[in-house]
Amino acid sequence: MNIHTQLEDTLENIKKASNLFLGYPISKDFDYTPLFEFLKYPINNVGDPFIKSTYKVQTHDMEREVIEFFADLFRANPEDYWGYITNGGSESNLYGLYIARELYPKAMVYYSESTHYSVKKNIHLLNIPGIVIRSQENSEIDYEDLQNTLQYNRHKPAIILSNFGTTMTEAKDDISKIKGILRKLAIQDHYIHCDGALSGTYGAFLNEKIPFDMADGADSISISGHKFIGSPIPSGVVITKRSLRDRVSKGVSYIGSLDTTITGSRNGHSVLFLWYAIKNMGVDGLKARYNHSLEIAEYCKTKLNAIGINAWSNEGAITVVMPKTSDVIKNKWQLATEGDVTHLICMPNVSKQQINAFIEDLIKEKEAQIALV
Ligand SMILES: *Cc1c(COP(=O)(O)O)cnc(C)c1O
């Protein structure tokens, strides 16, 4: 196949696959065409975004603006915050756990069984001993099991991986309850990392707030940039405290900066996308996106219940959970399925029309089954 046909075929396939999907937390409603010119330059954000670097083909100024935006949204101390744009939520989680381990080399990590697979891998990479905590039925951490397990290991520092939006059911752990347990057991050496890959982005807008941010007690928070905001290139954000990152910084004269990030060379283009998105949306736009998603999720749940499907969602979640669908439906709508449940995520680009078309498919399938009997 020649280069052009292969490119055209690939583009065609991507367009088709992108049209129909409801199962993954990926926003598709972005337009970054004003940024095309930037693809002509080798933008590289190597080094710490808060330190002047010798490499000038970078977007550090914008990176700092994005970090400031999220630090503010996550109620970080304005005098003591830091962060950088990563390659995705997984790297952001790795960073949080890395700082935690540097702070408490003898700590244990506690995470619920509903935790994202990146966390288990990161713990393995960092060689930190970890304990899996039971989840409640809705996938939120089981606080009683957490307390009992912590009590048993209370002579050791504790790193708690708190989920704000689990992958399958978008369950959110309550950091104030976790803090309460640590206080009760008098475990002073502790670190809380909040994995907010999808939901962290709109956590501040929930009608019934669930404690998750820096003011609530998180030491670091990670989100994915390509999930709720949307980006043609995967990206993530990690927010932590400057005082914590100071413990892992080492100067590197070759780049004239501090080596405080996981990777050396860093994507300067994805910073542009995130910056452009938050500049256009602002806090109000982000909030409107969340409210739209929430409305669609409620609509979807009601429609599913109306045709006899037992769909449900966690409080404030834009993820609708239902019993496992057929493979035909799953493949057509690219629905993530695990065990006996399937979920559908009402990202900002999902419309009522799309939900209607999905419901139509379910009704048709049901009718066909009845006809067969
Ligand atoms: C998606 C997700 C991640 C990983 O994020 P990537 O950006 O894909 O690396 C981590 N945690 C949770 C809960 C997620 O849903």
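One-based numbering, in listed order, for ligands and for the atoms of each. Below, each value reflects all heavy atoms present in this structure, side chains not excepted, and no hydrogens, waters or symmetry copies.
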*asked:* Using a 4.0 Å heavy-atom cut-off, which part of Ala197 comes near ligand 1: side chain, backbone, both, or neither?
replied: side chain
_Which segment of Glu91 sits under 4.0 Å of ligand 1 when only heavy atoms are counted_ =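 For Glu91, there is no contact with ligand 1 at all, from either part.
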Does [X] pair with [Y] as a salt bridge, N-O distance under 4.0 Å?
X	Y	answer
Arg289	Asp29	yes
Arg266	Glu63	yes
Lys324	Glu338	no
Lys179	Asp216	no

*asked:* Any side-chain to backbone donor/acceptor pair from His193 onto Asp219? Under 3.5 Å, distance only.
replied: no
*Side chain Gln151, main chain Leu185, donor-acceptor under 3.5 Å*: no
*Is there side-chain contact between Phe358 and Leu362, with heavy atoms separated by less than 4.5 Å?*
yes
*Would you indicate whether the side-chain heavy atoms of Asn356 and Tyr299 approach each other to under 4.5 Å?*
yes
Which ligand 1 atoms are under 4.0 Å away from a heavy-atom of [X]?
X	value
Gly165	13 (C)
Thr167	12 (C), 13 (C), 14 (C), 15 (O)
Gly88	7 (O), 9 (O)
Ser224	5 (O), 6 (P), 7 (O)
Gly89	5 (O), 6 (P), 7 (O), 9 (O)
Asn93	10 (C)

*Check whether any N or O atom of Leu198, backbone or side chain, sits under 3.5 Å from an N or O atom of ligand 1, and answer yes or no.*
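Not met; the criterion fails.
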_N or O pair under 3.5 Å between Ser118 and ligand 1_ =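 For ligand 1, there is no N or O atom that lies under 3.5 Å from one belonging to Ser118.
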Write out the residue and atom name of the closest protein heavy atom to [atom], then the distance separating them to 0.1 Å.
atom	answer
atom 14 (C) of ligand 1	Lys227 NZ, 3.0 Å
atom 8 (O) of ligand 1	His226 NE2, 4.1 Å
atom 9 (O) of ligand 1	Ser90 OG, 2.6 Å
atom 4 (C) of ligand 1	His116 CE1, 3.3 Å

_Sub-4.0 Å heavy-atom approach of Asp195 to ligand 1_ = yes
*Would you find more than 12 non-hydrogen atoms of other residues, nucleotides or ligands less than 6.0 Å from Leu11 atom CG?*
yes
*Pair Thr59, Asn45: side-chain N/O donor-acceptor within cut-off below 3.5 Å*: yes
